[in-house]
Amino acid sequence: MGGPSGGPGVEPESTAQVITHSHTSAPHSGAGASTGPGAGTGTGTEQRDYRAAFAIAQSAMALLAPDGTVLEANGAFGTLLGAAPERLSSVGAAGLLGLAGDQHARAAFHEVLTGRRERLRCTRRIARPDGSTLRAEITLSRTGARPLLLSVEDVGERDTLREELRHLRMHDPVSRLPNRALFLERLSAAVADQGGRTGRIGLCYLDLDGFKAVNDTLGHRVGDELLAAVGRRLLACAEPGGHLVARLGGDEFALLVRDSTGTGQATGLAESVLAALQQPFDVGGHRLAVSASIGVVEREAAGTTATGLMQAADTTLYWAKADGKARWTLFDPERNEHRMTRQALSRTLRQAVERGEFVLDYQPLVALDSGELRGVEALVRWEHPHFGRLAPNRFIGLAEEDGSIVQLGRWVLAESCRQARAWQLAHPDAPLVVSVNVAVRQIWDSDLVADVAEVLAETGLPPRLLQLELTESAVMGSAGRPLQALHALDAMGVRIAIDDFGTGYSNLAYMSRLPVSALKLDGSFVQGFRSAEHPNPADETIVEALVDLAHRLGLTVTAECVENADQAERLRRIGCDTGQGWHYSRPVTPAAISALLS
């Protein structure tokens, strides 16, 4: 119940000295004979029953007169306060309970006495005559025409038990360290405190490298002993600086630097942890070597949140593991921005295909001997509503990871064939081969042969004008379904080209058994052709040998990344059939290709 200015229930505890002297004066007027329980009502037998119950009750109770003095107290009340019940009669209850010195509690107490309030409940610390104190919950209630009823309950044991339960709930039973719940509570408090004296906060988030192998091979008992030993070493590292150490679960631990003095303090703590863990652990009769990966975050507390800090630490821990483990890595906002962008792109890839956010550019493939336009390669671009135009290297890898490459690849195939058919109809005397990249997952996760047949039928494009490009690593060693698909496409009349040739397996003997019609030399081979004054004889020898062998196998050769006329001429002399690169054209719109054909 809230009293004036917030009520006594929210006020600080006070200690009151129990009044033990007895009063010999007459009781206050109005007390008289009707001072006991049930006074003024019921029969004499009922009153005796009430008085007997009041006297033997285990709850500490007293009856108060309208002026707040004790009319009668039961035995439990006297025992609780350390005084005989008869010695408490006529004593002012406010002073007895330590309310007199508390303005708000005293005001609420008198409101109940005067009838302006029905009930008062508060918790106080009360002093006994022997000098001890007890924490008590005090309740004062009006009982109609009867005297006011005061009850007092010792809640010290309850609060102690509550604290013990909280400790068990907030600490890890294996390492005896604070657990995740307590750590997040302290972290939130540190953030709310705006980083304390320095205004900064630091966090080291770590997990043990390869800990699962310990549990799997030696059992969970040894694993738990190791976790406890790790916790002790972490405490030794943290205690000099007064830092909090917690086990967050599994093999994950965290160290909180509340008043960080800068990045150096947090990274220095991470260094000391790595050094401490380098020493072997003798656990359960085994000598174990342990390392850890640590994500370190250190920043101003203002403007951050506990959730944001934990997310940043978790991300940085992932970087530490990806960078090779057994190390610490400091949070990098730019690297995180790249990760966030990558996640944002990944989440919206499938919907982007449905919304029509992708477009195709086409890069010419030119005959090196005549300079004629022989074909184009379709290159997909993402017109992202937030990030702008994105090149394939920004999203193709993501599409392959989440499987949306199948949906995207099907769209690229259909759009490329539609455009190629339009060029064929507009320029029947100069048919262009359109080259489309195919990912490995398109062969495994979809019916590529059926997709190609359907698209060719819908667009009317002759199969001979479609070339599918697969990477060398995807084709080499193909067996089962991929190999069957390649042969079916070849039988359909579709050309198969190996893209980026020379960077993978380079198994030319196996090539003779595949239905491949063209090789596209990786641009790294053309690098040595950049300057006529400083040629690279090795590059030229390798390319010449590859071209000669490809021709003997009945394959045509396209050189990628041709950037100048000298490169083009030397590749022509070697025998390359077509070239592709900025020397001829960058990837351009369909309209630009139409202009070239005209």
Side-chain angles (χ1 to χ4, degrees), residues 362-379 391-393 396 432-433 435-440 467-479 482-483 486 490 495-587:
Y362 298 88
Q363 188 169 33
L365 281 73
V366 178
L368 289 172
D369 56 355
S370 64
E372 294 178 357
L373 182 61
R374 295 284 180 83
V376 292
E377 179 180 356
L379 300 169
N393 64 338
I396 290 296
L432 285 184
V433 173
S435 194
V436 179
N437 291 281
V438 176
V440 177
Q467 177 172 276
L468 300 181
E469 295 187 17
L470 293 91
T471 61
E472 182 183 347
S473 58
V475 174
M476 294 303 176
S478 293
L483 185 58
L486 294 181
D490 179 63
R495 295 163 55 88
I496 305 296
I498 307 302
D499 193 19
D500 299 329
F501 185 78
T503 60
Y505 296 98
S506 300
N507 189 339
L508 288 175
Y510 190 75
M511 290 281 296
S512 64
R513 297 190 290 273
L514 292 175
V516 174
S517 55
L519 298 182
K520 297 188 71 175
L521 292 181
D522 185 71
S524 60
F525 287 106
V526 184
Q527 299 298 314
F529 291 77
R530 282 185 175 181
S531 171
E533 292 80 13
H534 304 285
N536 187 328
D539 281 348
E540 188 163 341
T541 300
I542 292 172
V543 171
E544 187 173 4
L546 289 175
V547 171
D548 182 63
L549 188 53
H551 285 167
R552 289 175 181 271
L553 293 172
L555 310 177
T556 61
V557 179
T558 297
E560 298 180 305
C561 301
V562 181
E563 297 180 357
N564 56 56
D566 286 341
Q567 286 177 322
E569 174 57 26
R570 294 170 65 193
L571 289 166
R572 183 196 65 79
R573 290 201 309 267
I574 286 175
C576 284
D577 300 287
T578 54
Q580 176 183 356
W582 288 6
H583 171 59
Y584 302 106
S585 173
R586 297 192 180 203

Distance in Å, Leu514 CG paired with Leu486 CG, rounded so as to fall on 0.5 Å steps: 6.5 Å

Just how far is it from atom CG of Leu379 to atom CD of Gln363, taken to the nearest 0.5 Å? 6.0 Å

Would you indicate whether the side-chain heavy atoms of Phe501 and Leu546 approach each other to under 4.5 Å? yes

Between atom OG1 of Thr558 and atom CD of Gln467, what is the distance when rounded to the nearest 0.5 Å? 7.0 Å

State, to 0.1 Å, how close Val376 and Pro364 come at their nearest heavy-atom pair, and which atoms those are. CG1-CA, 4.1 Å

If we only count heavy atoms from C-beta on, is the Asp577 to His551 side-chain gap below 4.5 Å? yes

Can a salt bridge be assigned to the pair Arg570 and Asp566 using a cut-off of 4.0 Å between side-chain N and carboxylate O? no

Rounded at 0.5 Å granularity, tell me how far OG1 in Thr471 sits from CG in Asp499. 7.5 Å

Would you mind reporting whether Val440 and Leu470 have side-chain heavy atoms less than 4.5 Å apart? no

Measure from the side-chain N and O atoms of Glu544 to the backbone N and O of Thr541, and report whether any donor-acceptor pair falls under 3.5 Å. no

Heavy-atom check, side chain of Lys520 versus side chain of Glu469, under 4.5 Å: yes

Beyond-backbone contact of Thr556 with Arg495, side-chain heavy atoms, under 4.5 angstrom: yes

Side-chain heavy atoms of Leu521 within contact of Val543, under 4.5 Å: yes

